[in-house]
2 protein chains.
Amino acid sequence: MPRPTGPPIGLALTRTAKAVSRAFDDALAAAGGSLPAWLIMISLKTRSLGNQRELAEAIGIRGATLTHHLNTMEADGLVIRRRDPANRRIHQVELTDRGETLFRQLAAAASTHDQRLRTGFSDEEIATLEQLLRRLQHNVSGEAHDRASRSDA
Amino acid sequence: MPRPTGPPIGLALTRTAKAVSRAFDDALAAAGGSLPAWLIMISLKTRSLGNQRELAEAIGIRGATLTHHLNTMEADGLVIRRRDPANRRIHQVELTDRGETLFRQLAAAASTHDQRLRTGFSDEEIATLEQLLRRLQHNVSGEAHDRASRSDA
DNA sequence: TATTGTTATACTCTATAACTATA
DNA sequence: TATAGTTATAGAGTATAACAATA
């Protein structure tokens with residue numbers, strides 16, 4: 001069983017992720033939003049999603065958690081849910097005008113945040129970082145590991 | 001106001017961080033721990049910290065939040081807190097034998113997780129990743145940005 | 001019965017404010 | 001008064017289990 005060559009990369013990643021995520025949360029909050037709301041809106045705008053389950057999966061949360069956020073967002077007048085006439089089990093989620101406005105504000109905040117993140121990085125370095133991140137994600141998101149492979153229920 | 005050159009790096013980072021953090025949380029939980037407990041223990045083991053405030057800062061949480069975790073850990077028999085005879089305001093935190101045992105188990109789990117993360121990465125790529133992460137963290141952890149610079153309270 | 005989504009409930013992590021103990 | 005830490009309380013995000021609606 002070979003040991004890691006250097007200091008745990010997971011620890012460095014955890015620390016950076018915490019600091020960067022917190023900064024991003026703060027930026028979104030200052031613009032009147034939140035990370036889940038932003039992820040939901042960006043998914044609604046950029047992807048063609050069939051149902052809420054796909055939406056939840058795209059964001060990395062469970063269906064009930066998505067419902068929770070949609071309830072808040074609907075109460076805030078950001079989205080409306082209406083049933084699909086063709087299959088009334090499906091609730092179609094749409095941004096309201098107010099939702100569109102907030103989306104643009106959050107997009108601006110995210111852009112500003114991104115420029116702050118990119119400070120001192122060349123385009124090539126950003127590309128390298130993106131590639132490394134993708135590979136990291138792949139390494140953990142592949143097959144479930146041992147712990148989950150035995151089903152005793 | 002220049003716009004980002006490519007897709008938001010913050011979004012990619014958020015997604016990767018979420019997936020990797022979740023996998024790490026799961027690994028620690030499977031070993032009988034949690035992320036905060038692990039961060040606390042690793043700080044106790046590797047750093048010489050004067051007081052709990054420094055410990056909290058090292059982990060990136062507030063003092064009251066640290067107390068909360070220490071309460072749980074003490075109830076679980078992982079740490080003990082005793083007052084410094086020289087300055088009885090200071091509570092010295094120490095790992096118990098049971099805490100040491102769990103620390104080793106979590107270290108093993110973290111190591112396994114790290115090897116999973118490193119899959120397919122060369123040492124050079126890991127070094128590059130570490131450097132990029134450090135720079136990202138620096139970009140957000142520096143001076144507070146605009147939002148916070150006007151004090152109206 | 002299977003699918004889609006919601007409701008009810010609870011857990012974890014975090015935070016702020018008020019408090020106690022010590023100096 | 002200032003410093004170290006705790007307690008009380010709250011809020012955000014997430015999850016599972018049970019439920020309702022629709023097919």
Side-chain angles (χ1 to χ4, degrees), chain A residues 14-15 17-19 21-26 28-30 32-40 44 49-76 79-94 148 151 153, chain B residues 14-15 17-19 21-26 28-30 32-40 49-76 79-94 148 153:
Chain A
T14 296
R15 285 192 176 128
K18 188 175 214 165
S21 296
R22 197 165 294 194
F24 192 30
D25 286 349
D26 289 349
L28 291 174
S34 68
L35 179 62
W38 167 244
L39 293 176
I40 288 168
L44 290 177
L49 297 155
N51 55 33
Q52 287 190 23
R53 196 168 174 176
E54 288 178 25
L55 178 53
E57 251 178 41
I59 296 170
I61 58 178
R62 296 308 180 101
T65 305
L66 175 60
T67 295
H68 168 74
H69 292 304
L70 289 177
N71 286 347
T72 303
M73 292 172 74
E74 194 163 42
D76 291 345
V79 299
I80 52 176
R81 283 176 281 194
R82 57 171 73 99
R83 287 173 179 269
D84 184 341
N87 181 348
R88 288 182 45 78
R89 285 178 301 194
I90 294 178
H91 293 203
Q92 292 173 328
V93 183
E94 293 172 31
S151 62
Chain B
T14 296
R15 285 191 176 130
K18 188 175 213 165
S21 296
R22 196 165 295 193
F24 192 31
D25 286 349
D26 289 349
L28 291 174
S34 68
L35 179 61
W38 168 245
L39 293 176
I40 288 168
L49 296 155
N51 56 33
Q52 286 190 24
R53 197 169 173 177
E54 288 178 26
L55 177 53
E57 250 178 42
I59 296 170
I61 59 178
R62 296 307 179 100
T65 305
L66 175 60
T67 295
H68 168 73
H69 292 305
L70 289 178
N71 287 346
T72 303
M73 292 173 73
E74 194 163 41
D76 291 345
V79 299
I80 52 175
R81 283 177 281 194
R82 57 170 73 99
R83 288 175 179 266
D84 183 342
N87 181 349
R88 288 181 45 79
R89 287 177 300 193
I90 294 178
H91 294 201
Q92 291 173 329
V93 183
E94 292 172 31

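Since we're looking at a predicted model, the values are computed, not measured. Residue numbering restarts at 1 for every chain, and letters A, B, ... go by the order of the sequence lines. Hydrogens, waters and symmetry mates are skipped; everything else that's a heavy atom, side chains included, is used.
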_Would B:His69 and B:Ile61 count as a side chain to side chain contact (heavy atoms under 4.5 Å, CB included) here? Give the steps._
CA-CA 11 Å; B:His69 292 305; B:Ile61 59 178; 4.1 Å; yes

*OP1 or OP2 of D:dA15 sitting under 4.0 Å from any side-chain N/O of B:Arg22?*
yes

*Which residue, A:Ile90 or B:Gly60, contacts DNA chain C at a nucleotide closer to its 5' end, judged by nearest heavy atom?*
A:Ile90

*Rounded to whole angstrom units, what separation is found between the CG atom of A:Asn87 and the C1' atom of C:dG5?*
11 Å

*For the pair made of CG in B:Asn51 and P in D:dT3, what is the distance, rounded to whole Å?*
12 Å

*When you measure from the side chain of A:Arg81, which nucleotide among C:dT6, D:dG13, C:dT16 comes out closest?*
C:dT6

*Taking CG from B:Asp26 and C1' from D:dT14, how many angstroms apart are they, rounded to a whole number?*
12 Å

*Does a sphere of radius 6.0 Å around CZ in A:Arg53 hold more than 12 heavy atoms from other residues, nucleotides or ligands, not counting ones at 6.0 Å or beyond?*
no

*Give a yes or no answer on whether the side chain of B:Glu74 reaches the backbone of B:Arg81 with a donor-acceptor pair at less than 3.5 Å.*
yes

*Quick one: does B:Asp26's side chain have a donor or acceptor within less than 3.5 Å of a partner on B:Ala29's backbone?*
no

_Minimum-distance nucleotide to A:Arg53 side chain [options: C:dG5, D:dT14, C:dT14]_ = C:dG5

*Taking side chain as C-beta onward, heavy atoms only, is B:Leu70 less than 4.5 Å from B:Gln52?*
yes

_Most 5' of A:Asp84 and A:Thr65 on DNA chain D, judged by nearest nucleotide_ = A:Thr65

_Is B:His68 close enough to D:dT7 that one of its side-chain N or O atoms is under 4.0 Å from OP1 or OP2 there?_
no

*asked:* To the closest 0.5 Å, what do you measure between NZ (B:Lys18) and CG (A:Leu35)?
replied: 6.0 Å

_B:His69 NE2 to C:dA15 C1', straight-line distance once rounded to whole Å_ = 11 Å

*Which of the following nucleotides, C:dT22, D:dG5, D:dG13, is nearest to the side chain of A:Ser34?*
D:dG13

*Using a cut-off of strictly less than 4.0 Å, decide whether A:Lys18 has a side-chain nitrogen or oxygen near OP1 or OP2 of C:dT14.*
yes

*Return the nearest nucleotide to the side chain of B:Arg89; candidates are C:dC13, D:dG5, C:dA21.*
C:dA21

*Atom-to-atom span, CD1 of B:Ile59 to C1' of C:dT14 - whole angstrom*: 13 Å

_Whole angstroms only, please: what is the CZ-P distance between B:Arg88 and D:dG5?_
13 Å

_Side chain of A:Ile61, heavy atoms from C-beta onward: which of C:dT22, C:dT14, D:dA15 has the nearest atom to it?_
D:dA15

*Mind calculating the distance between CD (A:Gln92) and C1' (C:dT4) to the nearest angstrom?*
13 Å

*For the side chain of A:His91, starting at C-beta, report the closest nucleotide among D:dT6, C:dT6, C:dT14.*
C:dT6

*Name the closest nucleotide to the A:Thr67 side chain, picking from C:dT6, D:dT7, D:dG13.*
C:dT6

*Listed nucleotide nearest any side-chain atom of B:Gln52, set C:dT16, D:dG5, C:dG5*: D:dG5

_In this structure, how many angstroms lie between the P atom of D:dT7 and the CG atom of B:Leu66, rounded?_
13 Å

*asked:* Check this one for me: any side-chain N or O of A:Asn71 less than 4.0 Å away from OP1 or OP2 of C:dG5?
replied: no

*Which sits closer to the 5' end of DNA chain D, A:Arg83 or A:Arg62, going by the nucleotide each is nearest to?*
A:Arg62

